Amino acid sequence: MTPDGTPLRSIELADAVEDFERLASLVEETGERVSVTAGGELVGVVLPAAELAELEHWAQRSPGAPLPVPDASLESIPGPEKKGPYTRYVHADGLRMTLTRDRVIVAEMRSASDLAWLEERARQGRQGYMDPKQSAAFAEFLASQPPSALPKDQSQAPEPHPEEIAVRQVTDAWQRIETWLRAHAPASYASLKPGASPEEISALEETLGVPVPAPLKALWSLHAGVRNVYGAGFLLDDRALMGLDKVVYLYRMKMDIQERSDALSAIQRAAGRDEEKTTVWKTTWIPMCSFGADDTFSGLYLETDTGYMYPWSREDHYRDEEKRETLVTYLEEIADSLEAPSLSTHGKPGIAGGALVWGPPNVPDPDRPWMEYTG
């Protein structure tokens with residue numbers, strides 16, 4: 001690699017796709033980047049996993065927008081492909097790909113524009129970081145300064161709104177989860193769909209007739225669900241993040257059932273029968289997780305007026321108020337369990353076929369043996 005970070009080696013895009021085994025081996029053996037060109041123009045760079053992890057570490061410490069999410073490709077995304085000891089996972093944009101060996105990421109290809117953005121953010125992140133000695137010295141300096149009074153015509157800065165805090169917490173927890181998936185579970189990471197635009201979320205709100213809480217909007221803006229592929233059900237209890245189209249479909253289905261139930265109850269009351277009204281669904285319940293990307297049997301919904309999450313199923317729903325949790329606590333529990341597996345109280349994180357699977361699984365898959373992740 002040259003002093004400015006330009007790769008010394010180069011490969012045509014078609015060759016990189018066709019012979020990814022040689023590409024992965026080259027990057028792993030040399031620890032160097034390889035540029036990917038198409039018609040003589042730079043379109044991407046393959047980086048060693050450790051270098052990419054370092055860049056993303058610093059980039060996430062730079063203020064501003066989160067790491068970019070690739071746009072979805074119009075073409076069908078191929079499934080994992082294995083050549084020799086290496087497996088290739090292609091991501092949503094059809095260009096980014098992750099190369100693994102023995103379920104360990106060795107390299108990843110990023111587009112030239114994404115990498116330029118990432119390197120600039122990492123540079124800003126490094127500049128804003130103070131090592132422990134610098135931090136201690138700065139804290140000592142601040143403590144030695146006399147307290148400053150605000151001018152009489154300047155009011156105290158307002159405290160952040162609780163909803164704003166929740167948005168930050170959801171974003172931070174999800175990025176911790178996504179970082180872990182990228183490093184340890186490429187099949188699950190590859191299942192993520194791109195984020196939804198504000199216009200798409202507004203259209204969903206209009207369709208449902210109910211506002212979406214800001215924390216859920218923040219999550220959907222990062223990733224609006226997962227594709228129906230192996231590894232998509234990586235949330236607790238093997239649940240998957242529902243896509244916006246599935247959210248609308250399930251919501252309408254549940255509300256239709258509720259309307260029919262209400263009509264039947266009205267008929268029974270008119271006939272003199274004192275029937276108790278059955279609650280199947282409420283307008284303030286937004287489904288967000290299901291048992292599989294396209295499942296309509298069970299999952300979790302978010303109650304918009306309280307912010308709490310509860311399970312739903314095809315037959316009924318139940319509300320355990322002692323175990324209720326918010327989207328923030330739910331995602332933070334997942335992130336904490338991945339970073340400190342020994343403290344997990346909701347199953348143990350493990351890897352099966354390159355996917356995150358909470359276990360031990362009740363029905364082991366002999367083709368994808370489950371291995372507990374211990375950190």
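Keep in mind that the numbers below use all heavy atoms, side chains included, and drop hydrogens, waters and symmetry copies. Values in this document were obtained by computation on a predicted structure and should not be read as measured data.
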Peer 1: Ignoring hydrogens, what is the shortest heavy-atom contact between T100 and P186? Give both atom names and the distance.
Peer 2: CG2-CG, 3.6 Å
Peer 1: Considering all heavy atoms of both residues, which atom of V27 and which atom of V46 are nearest to each other, and what is their separation?
Peer 2: CG2-CG1, 3.8 Å
Peer 1: For L26 and V34, which heavy atoms make the closest approach, and how far apart are they?
Peer 2: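 So the minimum-distance heavy-atom pair works out to CD2-CG2, 3.8 Å.
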Peer 1: Counting neighbours of OH on Y230 that are heavy atoms of other residues, nucleotides or ligands and sit closer than 6.0 Å, is the number greater than 12?
Peer 2: yes
Peer 1: Heavy atoms, side chains only, cut-off 4.5 Å: are T329 and M309 in contact?
Peer 2: no
Peer 1: May I ask you to test the W285-K254 pair for a side-chain heavy-atom distance under 4.5 Å?
Peer 2: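 Not touching, per the 4.5 Å side-chain cut-off.
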Peer 1: Taking all atoms of both residues into account, what is the closest heavy-atom pair of L204 and V247, and its distance?
Peer 2: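 Answer, listing the atom of L204 first, then V247: CD1-CG1, 4.2 Å.
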Peer 1: Where do K217 and E205 land on the salt bridge (charged side-chain N to carboxylate O under 4.0 Å, His left out) test, with the steps shown first?
Peer 2: CA-CA 10 Å; K217 283 185 180 180; E205 289 180 309; 3.4 Å; yes
Peer 1: Give a yes or no on whether the backbone of G350 and the side-chain of W358 come within a donor-acceptor separation of less than 3.5 Å.
Peer 2: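 Not confirmed, W358 side chain does not pair with G350 backbone.
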Peer 1: With the 4.5 Å side-chain cut-off for hydrophobic clustering, are M97 and Y89 part of the same group?
Peer 2: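 No; tracing contacts between hydrophobic side chains, which count when under 4.5 Å, never links both residues.
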Peer 1: Once rounded to the nearest 0.5 Å, what's the spacing between atom NE2 of H184 and atom OG1 of T179?
Peer 2: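 If I round to the nearest 0.5 Å, the distance is 10.0 Å.
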Peer 1: Measuring from S290:OG to D295:CG, what's the distance to the nearest 0.5 Å?
Peer 2: 5.5 Å
Peer 1: In terms of the angle between their ring planes, are W174 and H223 parallel, tilted or perpendicular, with boundaries placed at 30° and 60°?
Peer 2: tilted
Peer 1: Would you say the side chain of D256 lies within less than 4.5 Å of the side chain of M253, judging by non-hydrogen atoms?
Peer 2: no
Peer 1: Could you give the distance from CG (L250) to CE (M242), rounded to the nearest 0.5 Å?
Peer 2: 4.5 Å
Peer 1: Would you sort out whether K193 and E200 count as a salt bridge (charged side-chain N to carboxylate O under 4.0 Å, His left out), showing the intermediate values?
Peer 2: CA-CA 14 Å; K193 287 183 177 180; E200 289 172 321; over 6 Å; no
Peer 1: Backbone N or O of K82 within a donor-acceptor pair of the T87 side chain at under 3.5 Å?
Peer 2: no
Peer 1: Starting from L302, can I reach V226 by hopping between I/L/V/M/F/W/Y residues whose side chains sit under 4.5 Å apart?
Peer 2: yes
Peer 1: Between R96 and D114, does the side chain to side chain contact (heavy atoms under 4.5 Å, CB included) criterion hold? Intermediate values first, please.
Peer 2: CA-CA 10 Å; R96 182 186 300 193; D114 277 3; 3.3 Å; yes
Peer 1: Looking only at side chains, do S10 and S35 share a donor and an acceptor under 3.5 Å apart?
Peer 2: yes
Peer 1: Any idea which heavy atoms bring S191 and G231 closest together, and the distance?
Peer 2: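 Closest heavy-atom pair between S191 and G231: OG-O, 4.1 Å.
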Peer 1: Got W370 and P364 here, is their nearest side-chain heavy-atom distance under 4.5 Å?
Peer 2: no
Peer 1: Taking atom types as modelled, is there a side-chain donor on T284 or E303 under 3.5 Å from an acceptor on the other?
Peer 2: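 Their side chains do not contain a donor-acceptor pair, so the 3.5 Å distance test is not met.
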Peer 1: Under the side chain to side chain contact (heavy atoms under 4.5 Å, CB included) rule, what do L222 and E178 come out as? Steps first, then yes or no, please.
Peer 2: CA-CA 10 Å; L222 294 172; E178 189 173 336; 5.5 Å; no
Peer 1: Hey, are the side chains of L356 and I177 touching, using non-hydrogen atoms and a 4.5 Å cut-off?
Peer 2: no
Peer 1: Above 12 or not: heavy atoms from other molecules or residues under 6.0 Å from CD of E81?
Peer 2: yes
Peer 1: Please round to the nearest 0.5 Å and tell me the distance separating atom SG of C289 and atom CG of D237.
Peer 2: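 If I round to the nearest 0.5 Å, the distance is 10.0 Å.
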Peer 1: State the OG1-CZ distance between T207 and R252, to the nearest 0.5 angstrom.
Peer 2: 5.5 Å
Peer 1: State whether the side chain of R227 and the backbone N or O of A190 hold a donor-acceptor pair below 3.5 Å, judged by distance alone.
Peer 2: yes
Peer 1: Which pair of non-hydrogen atoms, one from A240 and one from G233, has the smallest distance, and what is that distance?
Peer 2: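 Closest heavy-atom pair between A240 and G233: CB-CA, 4.0 Å.
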Peer 1: Flag yes if Y189 and W220 sit in one hydrophobic cluster, no otherwise; membership is Ile, Leu, Val, Met, Phe, Trp, Tyr, and two members link when side-chain heavy atoms are under 4.5 Å apart.
Peer 2: yes
Peer 1: Using the rule given for side chain to side chain contact (heavy atoms under 4.5 Å, CB included), can you reason through Y249 versus D294, listing the C-alpha separation, both sets of side-chain angles and the distance that settles it, and then say yes or no?
Peer 2: CA-CA 10 Å; Y249 174 81; D294 290 336; over 6 Å; no
Peer 1: Would you say the side chain of W281 lies within less than 4.5 Å of the side chain of Y301, judging by non-hydrogen atoms?
Peer 2: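 Yes, close enough: below the 4.5 Å cut-off.
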Peer 1: Is the side chain of S261 donor-acceptor paired with the backbone N or O of I257 at a distance under 3.5 Å, no angle test?
Peer 2: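 Pair absent, no side-chain N/O of S261 close to backbone of I257.
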Peer 1: Is there a side-chain contact between E21 and D19, using heavy atoms and a 4.5 Å cut-off?
Peer 2: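 Side-chain contact under 4.5 Å: yes.
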Peer 1: Would you say E51's side chain and P48's backbone share a donor-acceptor pair under 3.5 angstrom?
Peer 2: no
Peer 1: Going through the checks in order, is the side chain to side chain contact (heavy atoms under 4.5 Å, CB included) test met by V212 and T304?
Peer 2: CA-CA 7 Å; V212 175; T304 61; over 6 Å; no
Peer 1: Under a 3.5 Å distance rule, please check whether S344 uses its side chain to pair with a backbone N or O of G347 as donor and acceptor.
Peer 2: yes
Peer 1: Using a strict threshold of under 4.0 Å (side-chain N to carboxylate O), is an ion pair present between E32 and R9?
Peer 2: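 Salt bridge between R9 and E32, a charged N being under 4.0 Å from a carboxylate O: no.
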Peer 1: Counting only N and O atoms by type, is there a donor-acceptor contact under 3.5 Å from the side chain of Y251 to the main-chain atoms of T283?
Peer 2: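 Indeed, once roles are kept as given, a pair shorter than 3.5 Å links the two residues.
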Peer 1: Mind checking the CD1-CD spacing from I201 to E206? Nearest 0.5 Å is all I need.
Peer 2: 14.5 Å
Peer 1: Would you call I334 and R176 a side-chain contact if the rule is heavy atoms closer than 4.5 Å?
Peer 2: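 I334 vs R176: side chains apart.
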Peer 1: For the pair S25 (side chain) and R22 (backbone), establish whether a donor and an acceptor sit closer than 3.5 Å, ignoring hydrogens and angles.
Peer 2: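 Such a contact is absent between S25 side chain and R22 backbone.
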